[in-house]
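So the structure is just underneath, and the comments pick up after that.
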Amino acid sequence: KNHDAVTRFARVIMQAAAYSNSHEAETVPLYAAFVHLDPQVAAQMRHTVSATRFDPSEIQPVIDLAAKYGTIPHVFDARDFIAQ
C-alpha cells in the first residue's frame with residue numbers, strides 16, 4: 001500500500017547507517033545526547049557497526065526457530081519483509 005514511502009524510508013536508514021559507520025567522531029555527540037551520556041565517556045566506548053544491507057537468508061533461520069518454538073504462529077518467507 002505504501003511501497004514508495006517504505007522504499008524511501010529504507011534508503012534513508014541505509015544511508016544513515018553507512019554515514020555513521022564511516023563518521024564515528026561526528027556521531028558520538030548525537031549518540032551521547034540520545035542516551036544521556038557524557039560525550040567524553042561515549043567517545044571512549046566501543047562502537048558498533050550498523051548494517052547497510054538486509055539479506056533475508058540471514059534472518060530466515062530465526063523466523064523458522066521462532067515458529068518451531070511457538071514465539072510466532074507460523075513460518076513465513078523472510079523475503080516478505082523486503083520492499084522490492
Side-chain angles (χ1 to χ4, degrees):
K1 182 177 176 182
N2 297 305
H3 183 268
D4 291 339
V6 170
T7 300
R8 288 191 313 270
F9 178 77
R11 183 174 43 250
V12 168
I13 293 298
M14 296 301 180
Q15 289 170 342
Y19 179 86
S20 66
N21 288 345
S22 61
H23 294 85
E24 187 177 301
E26 291 91 336
T27 58
V28 165
L30 300 172
Y31 293 134
F34 183 73
V35 297
H36 308 288
L37 186 64
D38 182 325
Q40 292 178 342
V41 172
Q44 299 303 313
M45 296 174 69
R46 184 166 192 236
H47 299 275
T48 61
V49 175
S50 299
T52 56
R53 65 179 182 83
F54 182 78
D55 183 346
S57 69
E58 293 176 357
I59 197 169
Q60 191 65 54
V62 176
I63 294 168
D64 296 345
L65 284 173
K68 178 178 178 179
Y69 291 104
T71 305
I72 59 175
H74 56 82
V75 172
F76 59 91
D77 192 329
R79 293 176 293 187
D80 293 341
F81 274 143
I82 300 176
Q84 298 299 323

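All residue numbers in this chain count up from 1 along the given sequence. Bear in mind the structure is a predicted one, so any value in this text is a computation, not a measurement.
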Scan the side chains in residues 63-75 for donor-acceptor partners under 3.5 Å anywhere in the protein, sequence neighbours excluded, and list what turns up.
{"from": "D64", "atom 1": "OD1", "to": "Q60", "atom 2": "NE2", "distance (Å)": "2.9"}

Where is the tightest heavy-atom contact between [X] and [Y], given as atom of each residue plus distance?
{"X": "P56", "Y": "A78", "value": "O-CB, 3.5 Å"}
{"X": "Y19", "Y": "E26", "value": "OH-CB, 4.0 Å"}
{"X": "V28", "Y": "P39", "value": "CG1-O, 3.8 Å"}

Check your understanding: Same hydrophobic cluster for F34 and M45, using side-chain heavy-atom links shorter than 4.5 Å among ILVMFWY?
Key ->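 Linked, F34 and M45 end up in one cluster.
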
Review point. So if you build clusters from Ile, Leu, Val, Met, Phe, Trp, Tyr with side-chain heavy-atom gaps below 4.5 Å, do L37 and L30 land together?
Key: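 L37 does not cluster with L30.
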
Exercise for review: Would you list the pairs meeting side-chain hydrogen bond (donor to acceptor under 3.5 Å, both in side chains) in which at least one residue belongs to residues 34-50, sequence neighbours left out?
Suggested key: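 Of all non-adjacent pairs touching residues 34-50, those that pass side-chain hydrogen bond (donor to acceptor under 3.5 Å, both in side chains) are E24-H47.
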
Practice item. Check the surroundings of atom CZ in F9: do more than 12 heavy atoms from other residues, nucleotides or ligands lie under 6.0 Å from it? Key: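 Atom CZ in F9 is not packed in, count stays at 12 or less.
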
